Protein chains: 2
Amino acid sequence: MAPATKNRGVSPRLVERLSLYRRVLQQAGAAGARATYSHELAAACRVSAVQVRRDLMTLGHSGSTTSGYEIQPLLSVIDAYLGDTGSVPVALVGIGHLGRAVLAFLCWRHPRFVPVAFDRDPRLTERVLDGVWCFPIDRMADAIREQHIRVGVVCVPAPEAQRVSEQLVTAGVTGILNFAPVTLFLPNHVFVETIDISVALEKVAFFTR
Amino acid sequence: MAPATKNRGVSPRLVERLSLYRRVLQQAGAAGARATYSHELAAACRVSAVQVRRDLMTLGHSGSTTSGYEIQPLLSVIDAYLGDTGSVPVALVGIGHLGRAVLAFLCWRHPRFVPVAFDRDPRLTERVLDGVWCFPIDRMADAIREQHIRVGVVCVPAPEAQRVSEQLVTAGVTGILNFAPVTLFLPNHVFVETIDISVALEKVAFFTR
DNA sequence: CTAACAGCGTTACTCGGTTCACAGCTGCCC
DNA sequence: GGGCAGCTGTGAACCGAGTAACGCTGTTAG
């Protein structure tokens, strides 16, 4: 009755942790480290050490008992598992403050994801933002089809989110990161991850006392 | 080893769902509905119907067999449970695009949360944004203490997040919503919720295939 | 040399959350 | 009026994620 996740047999939590591990390992590697212990990686991610070992076990990766895990090979394994198939084009809809925040973040900090931006407002489009050309939204479907874009990011106001995401899906997108505080109703084969700032704040407010 | 949650005996998932229920119920009520069935509420939140009933059971609320749950009383119960103690002041640090997005969202869509904004850059402060006065960051500790602010939102770049959140905590904040892609190390009594856009995107990219 | 130690890999278990299944109730239709 | 249909409430079963516990291996100190 809640089949929002066609998990492909993989736990989303595991993917989240692997993504965290990867980031920490990249930073550690850039800082000159060559190997890490499970408890170090665990502490850096607020996770238990056995959790790290178990996760790496499911990846089929083994470390050495003497110096822990070598960073570079481990990174390769994680990349392979997460499917690091080169750059990933992303359709970003909505260039308000939130959209621009995501845009800047992707361009400067996450070169793997290559965004293409769209907005309804003609005052925001037909120009370059953070090195990305912004299209009017009626060009969206064509652009998605031409570039075989599979991932969409929805940064539009709540009332437009459903319609925009439907357009994304009909154009070929199969995974959506949604920032609008609404639940999207889309075909089951589409993976939807909603980041609901409102709910998150309520949660913090609740546990803050 | 990962005691980041001092759950207070309550599951964070439950709080998230209650927050969703509340929003849906408010919208339904504004649309003129007077009562709703568990399966309707469930569908609107992408949850199973028994989950809804069970959640409401833990709240001690009962619906009627004939017409489901009356919206107004149910809203009251949820409000009471989530601790709707009037307005909640929020310290928002970092007025870049992300910060302004959160700011606008709070001011226009979520009047319960009353933000006060801070930034390091003097070009952004000493003025009004979205009806909120923006202070330079060296006024932050005083303002938090004076207004007894307990909730903080961190929208600063990753390298500054740790330092900023430490300042928030020493000034009296006990709950933080963190948007920076880093893991914060703070005293155990502080509740931290991290929204990691980078990880979320990786997850979508992974399950999109 | 060997004994203590530290870290990894793995299995068994625990625990919390979700779902199943069913009982009870109420209105409706024939 | 009696059965039927549909909803709620809830004890019990189920499931999966995380954890504890333990054996193994290599390292170090005495």
Side-chain angles (χ1 to χ4, degrees), chain A residues 1-21 25 28 33-71 73-74 77-78 81 203 206-207, chain B residues 1-21 25 28 33-71 73-74 77-78 81 199 203 207:
Chain A
M1 191 46 86
T5 49
K6 57 154 190 176
N7 286 351
R8 245 177 63 207
V10 182
S11 153
R13 296 278 182 96
L14 173 61
V15 176
E16 288 178 16
R17 287 194 300 265
L18 289 178
S19 180
L20 273 182
Y21 299 162
L25 289 170
R34 211 185 56 80
T36 322
Y37 295 110
S38 64
H39 63 264
E40 290 174 335
L41 189 48
C45 300
R46 284 261 169 198
V47 168
S48 74
V50 324
Q51 177 101 280
V52 170
R53 294 205 296 273
R54 175 178 270 290
D55 287 343
L56 301 191
M57 190 182 77
T58 73
L59 294 204
H61 183 79
S62 289
S64 96
T65 182
T66 158
S67 55
Y69 301 91
E70 285 183 73
I71 289 180
L74 180 50
V77 171
I78 295 179
Y81 188 86
K203 201 181 356 173
F206 178 85
F207 287 107
Chain B
M1 193 41 87
T5 50
K6 57 152 188 176
N7 288 350
R8 245 177 62 210
V10 182
S11 151
R13 297 273 182 98
L14 174 62
V15 175
E16 288 178 15
R17 286 194 300 265
L18 288 179
S19 180
L20 273 182
Y21 299 163
L25 290 169
R34 209 184 59 79
T36 202
Y37 294 109
S38 65
H39 64 265
E40 291 174 335
L41 189 49
C45 301
R46 286 263 169 198
V47 169
S48 74
V50 319
Q51 179 97 68
V52 170
R53 293 204 297 273
R54 199 162 266 289
D55 288 342
L56 301 192
M57 190 181 80
T58 72
L59 294 204
H61 183 78
S62 288
S64 97
T65 275
T66 159
S67 56
Y69 302 91
E70 283 184 75
I71 289 179
L74 180 50
V77 171
I78 295 178
Y81 188 86
V199 169
K203 198 177 5 168
F207 286 108

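Bear in mind that the values here come from a model prediction, so they are computed numbers and not experimental data. Reminder, nothing fancy here: chain letters follow the sequence lines and each chain counts from 1.
Taking 4.0 angstrom as the limit, Thr66(B) places none of its side-chain polar atoms (N or O) nearer than this to OP1 or OP2 of dC7(D). Within the structure, a side-chain polar atom (N or O) of Ser62(B) is placed less than 4.0 Å from OP1 or OP2 of dG9(D). Residue Gln51(A) places none of its side-chain N or O atoms closer than 4.0 Å to OP1 or OP2 of dA17(D). Note on Arg53(A): every side-chain N or O is 4.0 Å or more away from OP1 and OP2 of dG9(C). OP1 or OP2 of dT18(C) has at least one side-chain nitrogen or oxygen of Arg17(B) nearer than 4.0 Å. Phosphate proximity of dA17(D) to Arg13(A): absent, as no side-chain N or O sits under 4.0 Å from OP1 or OP2.
Out of dG24(C), dG9(C), dT25(D), the shortest distance to the side chain of Thr65(A) is found at dT25(D). For Met57(B), counting side-chain heavy atoms from C-beta on, the closest listed nucleotide (dT19(D), dC8(C), dT10(D)) is dT10(D). In the set dG18(D), dG7(C), dT19(C), dT19(C) carries the atom at the smallest distance from any side-chain atom of Val50(B). When distances are taken from the side chain of Ser38(A) to each of dT26(C), dT18(C), dC8(C), the shortest belongs to dC8(C).
Rounded to whole Å, the distance from CG on Leu74(A) to P on dG9(C) is 10 Å. The separation between Leu56(B) atom CG and dC7(D) atom P is 16 Å, rounded to whole Å. Rounded to an integer number of Å, the gap from His39(A) NE2 to dA6(C) P is 11 Å. For the pair Glu40(A) CD and dG7(C) C1', the interatomic distance rounds to 11 Å; values are reported in whole Å. Rounded to whole angstrom, the span from the CD atom of Glu70(B) across to the P atom of dC7(D) amounts to 17 Å. Going from atom CG of Asp55(B) over to atom C1' of dG9(D) covers 13 Å, rounded to whole Å. Following rounding to the nearest Å, Arg46(A) (CZ) and dG18(D) (P) show an atom-to-atom distance of 17 Å. If you measure from atom CG of Leu14(A) to atom P of dG16(D), you get 15 Å, rounded to the nearest angstrom.
A side-chain N or O of Glu40(B) and one of Thr36(B) form a donor-acceptor pair less than 3.5 Å apart.
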- Working for side chain to side chain contact (heavy atoms under 4.5 Å, CB included), residues Phe207(A) and Val15(B): CA-CA 9 Å; Phe207(A) 287 107; Val15(B) 175; 4.0 Å; yes

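Of all heavy-atom pairs spanning Val199(B) and Ser19(A), the tightest one is CG2-OG, 3.7 Å.
Residue Ser67(B) is classed as having no contact, given no heavy-atom separation below 4.0 Å to the nucleic acid.
With Arg53(A) as the partner, the side chain to side chain contact (heavy atoms under 4.5 Å, CB included) test is satisfied by one option alone out of Asp55(A), Val50(A), Leu56(A): Val50(A).
Looking at Arg54(A), its side chain comes within 3.5 Å of the base of dT11(C) through a donor and an acceptor atom.
Between the Tyr37(A) side chain and the Thr66(A) main chain, a donor and an acceptor come within less than 3.5 Å of each other.
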